[in-house]
Amino acid sequence: MLIKNALAADCAGAFEGGLRIENGLITEIGDGLAPREGEEVLDARGMVLLPAFTDLHAHFRDPGYTHKETLESGSRAAAKGGYTFVNLMANTNPVCSTARQAAEVQRRMAGIGLCGANQVISVTRDFSGTDISHLDELPDGIRILCEDGKGVQSADVMARVMQKAAARGWIIQSHAEDMQVSPYDYRLAENLETARNIKLAEYYGAWLHLTHVSTKESMADIIDAKLRGAMVTCDVTPHHIWFSEQDYRVNPPIREAEDVQFLLQAIAGGYVDCIATDHAPHTPADKKSGAPGMVGLETAFSVCYTRLVQEGGLPLEALSRLLSFGPASILGLRKGRLLPGWDGDIVLADLRKTYRIDSEEFESMGRNTPFAGMTLCGKIMATVKGGKLTYRDKEFLQ
Ligand code: DOR
């Protein structure tokens, strides 16, 4: 595939022209690349070409809750949002606690072919909170463990996990929530577990990734840890940098305006490693009865472009790092740069396009989003994975 006439940008800079993808990899970049016989050509005039996005935090609910989302519908939502790789959380049914279960999800995702996936393995077996015997059964090559949906409550369990993680090279992705405290103070609940997990990670020399960071206190602790040289990385969600004083139910909750400001400053300062959606589809009935979460894959780019670049003046290169190179490098993927030898995963975005979010048009089975009806700027017009189109906006015709 040849993509031409674009303005291209990745985390390291911008250039005019396009690129060639062969056998799944970028082989040439620049201006004036001539089409070859039989090559698919995308004319990207007026559009911005970016590396496709990687989501470090998504729930596809499969197996077990396929009335909310399936690997197929989640993959289509990812492609429509500009994503070519997702890190899937373990709170399925059954909980993903073995390498065999993870491999099965990854095999099915590869078969669907729209989006690559890493299926996360739970920190404790079946979310028991206590049993970590499954960790000794894991083969080499496992990258990341996460108990998302719950915090790991016992400091003793987390200490033993961190010790093993340091020895085996696993990243512990932390949903920081002290669940004894969260029923009456969710801010304190996040802050306590963030601080505890940073201490444990530093003590054992493990890589800790704090996911969906939402309070200014937690982010301040993460910045301090980074400045001390700790192996601590973090992500924030689009909704936590957009909303404040809003009661749409999500965990962690929507915070105060001061928290949003602090997260935005942390992003501008380069302390945030990535933006992750926490894409959490639910049925209308489940939302009514209080299920926390919102879908995010199909709105993330527009929310982040509007808030961070248009309103906040963040360079497009910095947004590209947050959506692409940052999360991909945490997962150890060769994605997120526009360079020969890197995966041929790209998006074309129309940055002048303003449009209204219509959740009825989502590919996700989840319609649960407070962004519905809002007008945002910056639209994904096409997604390419390994040189193959996985999504094309109906308005983007050659
Ligand atoms: O809002 C949330 N929804 N937060 C979580 O941690 C879990 C997620 C879900 O699985 O629905």
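One-based numbering along the sequence shown. Predicted model, so just to flag it, every value in this text is computed and none were measured. One-based numbering, in listed order, for ligands and for the atoms of each.
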Practice problem: With heavy atoms of Ala280 as the reference, note each atom of ligand 1 found under 4.0 Å away. | Solution: 3 (N), 8 (C), 9 (C), 11 (O)
Quiz item: Charged N to carboxylate O below 4.0 Å: is that the case for Arg61 and Glu69?
Solution: no
Quiz prompt | From CG (Leu210) to CD1 (Ile198), nearest 0.5 Å | solution = 5.5 Å
Practice problem: Return the residue, atom name and 0.1 Å-rounded distance of the protein heavy atom closest to atom 6 (O) of ligand 1. | Solution: His175 CE1, 3.0 Å
Quiz item: Can you check whether Gly293 has an N/O within less than 3.5 Å of an N/O in ligand 1?
Solution: yes
Quiz item: Should you measure from each heavy atom of Val250, which atoms of ligand 1 turn up under 4.0 Å away?
Solution: 1 (O)
Practice problem: Number the atoms of ligand 1 from 1 as they appear, then name those within less than 4.0 Å of a heavy atom of Asp278, with their elements. | Solution: 4 (N)
Quiz prompt | Distance, nearest 0.5 Å, that separates CD1 of Ile26 from CG of Asp345 | solution = 8.0 Å
Self-check item: Part of Pro292 with heavy atoms under 4.0 Å of ligand 1, whether side chain, backbone, both or neither
Solution: both
Self-check item: Nearest candidate to atom 5 (C) of ligand 1, where distance is taken over non-hydrogen atoms, out of Thr211, Asp286, Asp148
Solution: Asp148
Quiz item: Just checking, is any N or O donor in the side chain of Asp148 or His59 under 3.5 Å from an acceptor N or O on the other one?
Solution: yes
Quiz item: Between Arg337 and Asp10, is there a side-chain N and carboxylate O pair less than 4.0 Å apart?
Solution: yes
Quiz item: Does a salt bridge link Arg228 with Asp224, judged by any charged N lying under 4.0 Å from a carboxylate O?
Solution: no
Quiz item: Just checking, any donor-acceptor pair under 3.5 angstrom between side chains of Arg255 and Ser214?
Solution: yes
Quiz item: Heavy atoms only: which of Asn91, Asn251, Thr92, Thr237 is nearest to atom 2 (C) of ligand 1?
Solution: Asn251
Quiz item: Which bit of His282 gets closer than 4.0 Å to ligand 1, counting heavy atoms only: side chain, backbone, both or neither?
Solution: side chain
Quiz item: How far is atom 8 (C) of ligand 1 from its nearest protein heavy atom, and which residue and atom name does that atom have?
Solution: His59 NE2, 3.7 Å
Quiz item: Any ring pair (Phe, Tyr, Trp, His ring centres under 6.0 Å) pairs touching residues 80-125, not counting sequence neighbours?
Solution: Phe53-Tyr83
Exercise. Could you tell me the residue and atom name of the protein heavy atom closest to atom 11 (O) of ligand 1, and the distance to it rounded to 0.1 Å?
Key: Arg61 NH2, 2.8 Å
